[in-house]
Amino acid sequence: MRASLSSSSSVLRDLPVLLVAVVWGSSFLAVQRVAEPGTVVAMLVLRFGLVLPLLGLAAWRALRKLTRAEWLGGAALGLVLSGIFLLETYGAVHTSATNAGLIISLAMVLTPLGESALGRTAPSRAFLAAAGLAVLGVALLTGDGGLRPPTLGDLLVLCAALVRSAYVLAMARTRAVRDTDMLAVTWVQLAVATAVFSVVALAVGPAPWTVALSYGAGQWAWLLHLSLFCTLFAFFVQMWAVRATSPSRVSLLLGTEPLWAAILGITVAGNRMGPLALLGGALVLVATEWGRRTAPAPRPARGEDGTGAAADARTGEQTREPTPA
């Protein structure tokens, strides 16, 4: 009886985290519904402008306690975060939702490679094999099984994956925010990113309020989905989940994001993929999961007590978890 109750409780804890993976997987489809190449920046201002006041209310007390160094550290990371969102969103409107979701998942493989390079440790052969398999998968996916070069959108999303990996590594090594309240540092990063988008919007494309007035009910629904579910809901679920269950379990469930992106891209967006492109997508999914399981364990920075920081570049939050020995 106790085992049954424990199992049911575990499932209930997992469902919200799995839902986060689903909504993240849908984010590329949502972007394509609310943005065009000329309105990407305006859409980003609207997306995060809707979130900041709500998140700010929750983070108010913590924000008042931030030191100057913490504000500056969060601001620096916010600049990097703005680059990730610009690359990822521009890429998503220039390629299919399926391709975007699968290519961005390469960050799961690229980050441990960067960790190994910084720590001057050699990754295992299994991890290197997984990384090679991921590269092969992306080649088949973006070339649609042929010899065609990747599209502009594919390259932009690939750049976003590279910058996202650098962001995660920088987050874990930025002393100014290492022990900062994650709700507060998230707000600072998103506020800085939104400020960057607002400045860029002055020179690129229509004004955000012009785009907002042009949206119909369907586009507003997708925009609210991006703001409230893909950003706000995802942040609070993760913040709750790492306390209610193990960080490894959370990571495993969130790792299904590219699978949902592929499913939604094919079934809802109607993305068409040839046999070899389908094989490439499958290889990316297998390789990223294999890479996650065989990735070298990060080592604590000198002077730390063994507590590491795992960051997510979608919401900018920093999640504390024990670093394996």
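Index from 1, following the sequence. In what follows, every heavy atom counts, from backbone to side chain, and hydrogens, waters and symmetry copies are set aside.
A donor-acceptor pair is defined here as one N or O able to donate and one able to accept, closer than 3.5 Å; no such pair exists between the side chain of Q32 and the backbone of L29. Remark: side-chain polar atoms of T256 are not paired, donor with acceptor, to backbone N or O of L259 under 3.5 angstrom. T231 contributes a side-chain N or O that, together with a main-chain N or O of L226, makes up a donor-acceptor pair within less than 3.5 Å.
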Report the C-alpha distance between S82 and V192 in whole Å, list the side-chain angles of each, state the deciding distance to 0.1 Å, and finish with yes or no for side chain to side chain contact (heavy atoms under 4.5 Å, CB included). CA-CA 8 Å; S82 67; V192 169; over 6 Å; no
Test log, rule side chain to side chain contact (heavy atoms under 4.5 Å, CB included), inputs L19 and V237: CA-CA 9 Å; L19 184 57; V237 166; over 6 Å; no
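Closest non-hydrogen pair, T194 versus G49, comes out as CG2-N, 4.3 Å. Contact record, L113 with A131: CD1-CB, 4.3 Å, taken as the closest heavy-atom pair. Of all the heavy atoms in C230 and R47, the pair that sits closest is CB-NH2, 4.0 Å. Between P112 and F127, the shortest heavy-atom contact is CB-CZ, 3.5 Å. Taking every heavy atom of both residues into account, V157 and E88 meet most closely at CG2-O, 4.3 Å. Listed here is the closest heavy atom pair of V109 and A287: CG2-O, 4.2 Å.
The distance from atom OG1 of T89 to atom CZ of F28, rounded to the nearest 0.5 Å, is 8.5 Å. Taken from CG in N99 to CG in L141, the straight-line distance is 4.0 Å, to the nearest 0.5 Å. One distance of note links CH2 of W260 with OG of S26; it measures 11.0 Å at 0.5 Å rounding. We find the CD-OG1 distance between E115 and T121 to be 7.5 Å, quoted to the nearest 0.5 Å. The distance from atom OG of S96 to atom CZ of R272, rounded to the nearest 0.5 Å, is 12.0 Å. One distance of note links CG of L162 with CG of L87; it measures 9.5 Å at 0.5 Å rounding.
Qualifying side chain to side chain donor-acceptor pair (under 3.5 Å) partners for W71, counting only residues two or more places apart in sequence or in other chains: none. Not counting sequence neighbours, E70 has no partner by the salt bridge (Lys or Arg N to Asp or Glu O under 4.0 Å) test. The side chain to side chain donor-acceptor pair (under 3.5 Å) test applied to N271 returns T98, not counting sequence neighbours. Applying the side chain to side chain contact (heavy atoms under 4.5 Å, CB included) criterion to A207, with sequence neighbours excluded, gives W209, T210. Evaluation of the side chain to side chain contact (heavy atoms under 4.5 Å, CB included) rule for T39 yields A35, E36, P206, V211 as partners, not counting sequence neighbours. Take T95 and apply the side chain to side chain donor-acceptor pair (under 3.5 Å) test, not counting sequence neighbours, and it matches D154. The ring pair (Phe, Tyr, Trp, His ring centres under 6.0 Å) test applied to H94 returns no partner, not counting sequence neighbours. Evaluation of the ring pair (Phe, Tyr, Trp, His ring centres under 6.0 Å) rule for W222 yields H225 as partners, not counting sequence neighbours.
Using a 4.5 Å heavy-atom threshold, the side chains of L254 and Q238 count as touching. Proximity of M43 to V31: side-chain heavy atoms (C-beta onward) are separated by under 4.5 Å at one or more points. Two residues are said to be in side-chain contact when any heavy atoms from C-beta on lie closer than 4.5 Å; L158 and V138 fail this criterion. Between W187 and M182 the shortest side-chain heavy-atom distance does not fall below 4.5 Å. Side-chain contact between L183 and F235 is present, with at least one heavy-atom pair separated by less than 4.5 Å. Between Y90 and V41 the shortest side-chain heavy-atom distance falls below 4.5 Å. Contact check for L66 versus V185: no side-chain heavy atoms found under the 4.5 Å cut-off. Counting heavy atoms from C-beta outward, F229 and S27 have side chains that stay 4.5 Å or more apart.
Within the hydrophobic cluster formed by Ile, Leu, Val, Met, Phe, Trp and Tyr side chains joined at under 4.5 Å, directly or through other members, M108 stands alone, with no partner residue.
Criterion: ILVMFWY side-chain heavy atoms under 4.5 Å apart, direct or through other members. Under it, I84 and V200 are part of a common hydrophobic cluster. Taking hydrophobic clusters as Ile, Leu, Val, Met, Phe, Trp and Tyr residues chained together by side-chain heavy-atom distances below 4.5 Å, L224 shares a cluster with F233. In the hydrophobic clustering of this structure, F48 does not group with V199; members are Ile, Leu, Val, Met, Phe, Trp, Tyr whose side-chain heavy atoms approach within less than 4.5 Å, directly or through other members. L169 is not connected to L79 by any chain of hydrophobic side-chain contacts under 4.5 Å among Ile, Leu, Val, Met, Phe, Trp and Tyr, and they are in different clusters. Residues V163 and L118 do not share a hydrophobic cluster, defined by chaining ILVMFWY side chains whose heavy atoms lie under 4.5 Å apart.
Residue pairs meeting the side chain to side chain donor-acceptor pair (under 3.5 Å) criterion with at least one member in residues 102-113, sequence neighbours excluded: T111-S165. Screening residues 277-289 for salt bridge (Lys or Arg N to Asp or Glu O under 4.0 Å) gives E289-R292, E289-R293 as the qualifying pairs, with residues at least two apart or on separate chains.
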Sequence neighbours left out, cut at 3.5 Å: what donor-acceptor pairs do the side chains of residues 51-65 make with other protein atoms?
none

